[in-house]
There are 2 protein chains.
Amino acid sequence: MATIEELQRKVQDLEAKLAAVQGNAGLGRQKIDVMSSEVVDSNPYSRLMALKRMGIVNNYEKIREMSVAVVGVGGVGSVTAEMLTRCGIGKLILFDYDKVELANMNRLFFQPHQAGLSKVDAAAATLQNINPDVAIDTYNYNITTVDNFQKFCDTISTGSLTGGPVDLVLSCVDNFEARMAINTACNELNQKWFESGVSENAVSGHIQFIVPGETACFACAPPLVVASKIDEKTLKREGVCAASLPTTMGIVAGFLVQNTLKYLLEFGTVSHYLGYSALTDFFPTMSLKPNPQCDDRECVRRQQEARRRPAVELATEVTEDAAPLHADNHWGISLVDENTPDDDDASNLKLVDGVQVAYSIPVDNSTPESSTGGAVAASELSLEELMQQMKSM
Amino acid sequence: MATIEELQRKVQDLEAKLAAVQGNAGLGRQKIDVMSSEVVDSNPYSRLMALKRMGIVNNYEKIREMSVAVVGVGGVGSVTAEMLTRCGIGKLILFDYDKVELANMNRLFFQPHQAGLSKVDAAAATLQNINPDVAIDTYNYNITTVDNFQKFCDTISTGSLTGGPVDLVLSCVDNFEARMAINTACNELNQKWFESGVSENAVSGHIQFIVPGETACFACAPPLVVASKIDEKTLKREGVCAASLPTTMGIVAGFLVQNTLKYLLEFGTVSHYLGYSALTDFFPTMSLKPNPQCDDRECVRRQQEARRRPAVELATEVTEDAAPLHADNHWGISLVDENTPDDDDASNLKLVDGVQVAYSIPVDNSTPESSTGGAVAASELSLEELMQQMKSM
């Protein structure tokens, strides 16, 4: 006959096993009404509230009022959603229309027993188990169709906990069309958002903060997919498949959520553009001004609005050398150098075999005639200067 | 208090549920004998094997012969283990002696229903479910006691799939004593390893590659815990608790595993030291030479062995300016500047309120009299130069 202690251990053990195979629905912890700083093993928020005691964040608990939309719940988006969930974000809105496949198991988050489930449903179940305090809405559709695009815009503009616009949209999609849809929506709605991306060879990635009218939008320069013999359209068909790594995607998700936290809770400095090149551990940063000739009319309208406002929030300091970076660059386009810093010439991008650049980075070439928006992309000039320094070693 | 009958009914109920779920076809996945490049949704390795087609890695499948020990399965170690598992590492050896707590839920990996389980057991169950092809050994003990230290050394030196030493040890521990134990073991066994760490205020971290005799070991300079009124010993007691974030820990784990992959599969450049400062997205890198006066006799012996070998693998190029960085620095110690780049003076470290530096970074001050080991920490000098550049902006 088993003792009470033996039976209790067996119950615990079976509950754990069941949770592990079920995707954990229904077990886990109870909801918590108020975030507490109490240092006890049972408080899931103690290590976050400690950010206040450490002098990093003034008002950590404010995160419970915040709502964030994550578009694309793949290798970057799922980890992004998990990080925000564990940080105790008020509300998450997830968009995706894919199913979980075993071919996704080389990235974090999804588990083999979830293969075949819709990504948003599988993600919501796991996330809700991890933190039942987070409100999670899911939308299982493709945002690029005409009908769904309107629904997407409506959800973004009314998705906060109080029925207003969400605080931030995070793009974690893997294709040009979806990025352009998010860009169009955010310019129209005057919605701040972050772009993110990982290269097809899995060894570089980036995040970019887009404030309509104040920083370059996704349409400010025609993005390029400079792939080694690989066209984006073929990526998901006919036996061609992009490489991916849990490391690169986890790091990009980490950068995305870290900058999201800095923006939402007002600490540190939010990066406008942060790149990651895994082969050399190189991290380019820069500021990106909007293109006055942008194809997106809403972007141009936001730029006009921004010029009428006193520049405060995102103003970049004018450096003494205010000459344009590429005065002879007809298209105002420059590629971000994701290559090793010991390349001979940054403007003539030489990529190692198999390494490609996913997008072009717009450069402001309007500085000479602009008076109100006279700030030059200071940190970009500096980046180039720094790279020259590194090359000369 | 539940009666025996109630508990027995609960056990029966749970066993029935478990059987029902496990009978489900969608549960987990079967083992796979050979890594295939085939691009089908059911192949968990297709996106990793694509690294070969992309020209990044020559022999990805070699990872199945590799074994890695992860010491400490907390916020960094658990994500490290998950990334390696999803990459299809041959064998993982996990060391920890803690239990999962709800207070750990602000970091990735563990879930609330695992609270109370040992970290290594809970991790092994989840990881084995994610990838049954990985061999996973777990050791639920504190490596710093005399008996366990010897067992730890034995396991490291015989833990590979063929009974030899593991390919790499990854330190993901959270205290000085455990780091010193790993350092002592690896110097003695001539075992390459990576150190990793995250600051108590959660907004900075680093990884460091240690090749006994060739790069600085953990004892080459006395590490400091320069905490704002917080002593490391008090961190886990008396209501004082360090802050932590899933972002910073996920990023550090990503850097650790990315550099592990580069080392094991021989692609890209392995960073000797890579730091991360979240407030400003600043990433210091440098090379660290061993200290000829290191307190660890085995380190000094490995340095002598290294000097007798023709320097190839990790030699740092000699710069023209071979003057020592801090000729007047009696202890040969320099702090890595984890602060914002716009500080006034790097050598006189001014940290913003609440920000602290976890460890000191040893600087080689033996250059003038050394002839064989005359290479100076080139990239470290450059880092300082670069920081000067940034400060002058």
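Each chain gets a letter, A, B and so on, in the order the sequences are listed, and its residues count up from 1. Because only heavy atoms are used, hydrogens play no part in the values below, and waters and symmetry mates are left out as well, while side chains stay in.
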**Asked** Does any donor atom in the side chain of A/D281 or B/N259 lie under 3.5 Å from an acceptor atom in the other side chain?
**Response** yes
**Prompt:** Side chains of B/N106 and A/P44: does their closest heavy-atom pair fall under 4.5 Å?
**Reply:** no
**Asked** Under a 4.5 Å heavy-atom cut-off, does chain B meet the side chain of A/T85, its backbone, both or neither?
**Response** neither
**Asked** Can you say whether A/L261 sits under 4.5 Å from chain B via the side chain, the backbone, both, or neither, judging by heavy atoms?
**Response** side chain
**Message:** Just so I understand: if I count every heavy-atom pair under 4.5 Å between each of A/A243, A/A253, A/G268 and chain B, which residue has the most?
**Reply:** A/A243
**Prompt:** How about A/T126 and B/Q111: do any of their side-chain heavy atoms sit closer than 4.5 Å?
**Reply:** yes
**Prompt:** If we only count heavy atoms from C-beta on, is the A/L279 to B/F267 side-chain gap below 4.5 Å?
**Reply:** yes
**Message:** Measuring only between side-chain heavy atoms, which start at C-beta, is A/L245 closer than 4.5 Å to B/V257?
**Reply:** no
**Message:** Could you work out, with ring pair (Phe, Tyr, Trp, His ring centres under 6.0 Å) as the rule, every residue matching A/F109, not counting sequence neighbours?
**Reply:** none
**Item:** Nearest atoms (heavy-atom pairs only) where B/G254 meets A/I251
**Value:** C-CD1, 3.4 Å
**Request:** Heavy-atom distances under 4.5 Å only: say whether A/L48 touches chain B with side chain, backbone, both or neither.
**Result:** both
**Complete:** Most contact-rich option vs chain A, by heavy-atom pairs under 4.5 angstrom, among B/T269, B/L108, B/L84, is B/L108
**Value rounded to 0.5 Å, distance of CE in A/M249 from CZ in B/R47** = 8.5 Å
**Message:** What's the separation between atom OG in B/S46 and atom CG in A/N104, rounded to the nearest 0.5 Å?
**Reply:** 8.5 Å
**Per-residue contact mode, A/D41 against chain B (heavy atom under 4.5 angstrom)** = both
**Item:** Pick from A/G116, A/G250, A/S244 with the largest number of heavy-atom pairs that fall under 4.5 Å of chain B
**Value:** A/S244
**Asked** Run the side-chain contact (heavy atoms from CB on, under 4.5 Å) check on B/N201 and A/L51 step by step: do they pass?
**Response** CA-CA 6 Å; B/N201 65 5; A/L51 289 164; 5.9 Å; no
**Prompt:** Can you find a side-chain donor-acceptor pair between B/S42 and A/E101 that sits under 3.5 Å?
**Reply:** no
**Prompt:** Using non-hydrogen atoms only, which part of B/L274 is less than 4.5 Å away from chain A: side chain, backbone, both, or neither?
**Reply:** side chain
**Per-residue contact mode, B/T248 against chain A (heavy atom under 4.5 angstrom)** = both
**Item:** CG on A/L7 to CD on B/E6, rounded to 0.5 Å
**Value:** 11.5 Å
**Message:** Would you say NZ of A/K52 has more than 12 non-hydrogen atoms from neighbouring residues, nucleotides or ligands within 6.0 angstrom?
**Reply:** yes
**Prompt:** Who wins among B/A115, B/C87, B/A50 for the most heavy-atom pairs under 4.5 Å with chain A?
**Reply:** B/A50
**Item:** Per-residue contact mode, B/L117 against chain A (heavy atom under 4.5 angstrom)
**Value:** side chain
**Request:** Take B/I130 and A/M105, measure what side-chain contact (heavy atoms from CB on, under 4.5 Å) needs, and give me the verdict at the end.
**Result:** CA-CA 7 Å; B/I130 290 171; A/M105 292 307 134; 5.6 Å; no
**Message:** At a 4.5 Å cut-off on heavy atoms, which part of A/V252 comes close to chain B: side chain, backbone, both, or neither?
**Reply:** neither
**Prompt:** Any donor and acceptor pair, going by atom type alone, linking the side chain of B/R86 with main-chain N or O of A/R107 inside 3.5 Å?
**Reply:** yes
**Prompt:** How many angstroms lie between OG1 in A/T247 and CG in B/L256, if you round to the nearest 0.5 Å?
**Reply:** 11.0 Å
**Fill in**
Interface check, chain A: of B/L102, B/T80, B/N131, B/N43, most non-hydrogen pairs under 4.5 Å belong to B/L102
**Message:** If you take the centroid of each ring, where Trp contributes its six-membered ring, are A/F283 and B/F255 closer together than 6.0 Å?
**Reply:** yes
**Message:** Determine whether a donor-acceptor pair (N or O, by modelled atom type, separation under 3.5 Å) exists between the side chain of B/K262 and the backbone of A/A278.
**Reply:** yes
**Asked** Considering only heavy atoms, which portion of B/Q114 lies under 4.5 Å from any heavy atom of chain A: side chain, backbone, both, or neither?
**Response** neither
